[in-house]
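None of the values given here were measured: they were computed from a predicted structure. All heavy atoms count here, side chains included; hydrogens, waters and symmetry mates do not. Letters A, B, ... are given to chains in the order of the sequence lines, protein chains preceding strands, and every chain is numbered from 1.
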2 protein chains.
Amino acid sequence: MNRESIVQLLESKNVQASYHRLKILEYLVNHRTHPTVDTIYRSLEKEIPTLSRTTVYNTLKVLVAKKIVSQVTVEENEVRYDYSGSAHLHFKCRKCGVVYDIFHDCELLSRKEIEGHIVDEYHINFRGTCKKCVEAARAGAN
Amino acid sequence: MNRESIVQLLESKNVQASYHRLKILEYLVNHRTHPTVDTIYRSLEKEIPTLSRTTVYNTLKVLVAKKIVSQVTVEENEVRYDYSGSAHLHFKCRKCGVVYDIFHDCELLSRKEIEGHIVDEYHINFRGTCKKCVEAARAGAN
DNA sequence: ATTACTGCAAATACTTTGCATACCG
DNA sequence: CGGTATGCAAAGTATTTGCAGTAAT
């Protein structure tokens, strides 16, 4: 996604497109790796030496409040951020640590109500060993 | 569940049934409210004045490692503990904060594999407004 | 000029670690 | 006795807050 679209995305949600916000959202849009606050900060501080962690926290709070990005907790005790595209599930590999997006046609995803409760958000997360790590282990065994 | 069964549960998993472990697991089994570390600590310190937070952390770590209880993160940044009974989903009400267990016959729950990755754990969490809070709001509006 | 954004430093919250003591088989 | 569990205090990590400075409208 180019810079212009990101500015438009921010403005369409009534978020002032400051330089830092632009860079942080751009990072999230272009790195679909579910980064943590720290990862985002470390990646951007090279390019923006004046950036502070507080700004990363502030910006992410705004983006989450405006539902432009979402918080993901695939692993307990580790908040990650994800640019909210279409509905999807997450799978985290215990071996390599990569978080995969899973697009699965699941009846639960379209539910507006469950057992009488009104659903406005859901998180479906899986953990295990990813395809690559399974294959690597199999190759190693030969 | 009575004390004797809890001792047996611990011993069947090769966990020494010390007094503190017994009390902590007993709390989890009898309070199916998905408590946080702090809730567990505060509830038990009245009865066990010498209890320390470290012991609660240590014990929960052992219980999770032995898969007697599981960690639940229905809300980002808030680890809760749940005595692992049968497979189920969680729903957290944004208004009253209660975490409900949802038993739903979902195809995803029985999956051992998804898109080639091997699944050994899953977390399915919903958020929204619970039945009670919806009804309370409706009654208030009249 | 007024409002909003940023960044530092301090404060708070949560969790882990090291080590000495106490408990249990 | 010997290994394990416990508890305190300290360290570590993550996040929030207050406030002063800066930029934007």
Sugar-phosphate or base contact per nucleotide [nucleotides 15-25 of chain C; S, B, -; heavy atom under 4.0 Å]: BBB--------
Same apolar cluster: A:Ile48 and A:Leu10, side chain cutoff 4.5 Å: yes
Cationic N near anionic O, under 4.0 Å, B:Lys131 to B:Glu135: no
Salt-bridge contact B:Lys112-B:Asp120 (side-chain N to carboxylate O under 4.0 Å): no
Side-chain N,O (A:Thr55) to OP1/OP2 (C:dT6) below 4.0 Å: no
Sole residue of B:Glu76, B:His123, B:Glu78 in side-chain hydrogen bond (donor to acceptor under 3.5 Å, both in side chains) with A:Thr73: B:Glu76
Boundaries of the DNA chain D segment in contact with chain A, non-hydrogen, under 4.0 Å: D:dA14 to D:dT17
Ring geometry between A:His117 and B:Phe91 (parallel below 30°, tilted from 30 to 60°, perpendicular above 60°): parallel
Lys/Arg N to Asp/Glu carboxylate O, B:Glu75 vs B:Arg80, below 4.0 Å: no
Side chain to side chain donor-acceptor pair (under 3.5 Å) between B:Asp101 and B:His88, intermediate numbers included: CA-CA 6 Å; B:Asp101 286 331; B:His88 61 274; 3.1 Å; yes
Nearest-Å distance for atom pair CZ/C1', residues B:Arg80 and C:dC14: 15 Å
Member of A:Lys132, A:His90, A:Lys92, A:His34 meeting the side chain to side chain contact (heavy atoms under 4.5 Å, CB included) criterion with A:Tyr100: A:Lys132
Length of the OH-P vector between B:Tyr41 and C:dC14, whole Å: 14 Å
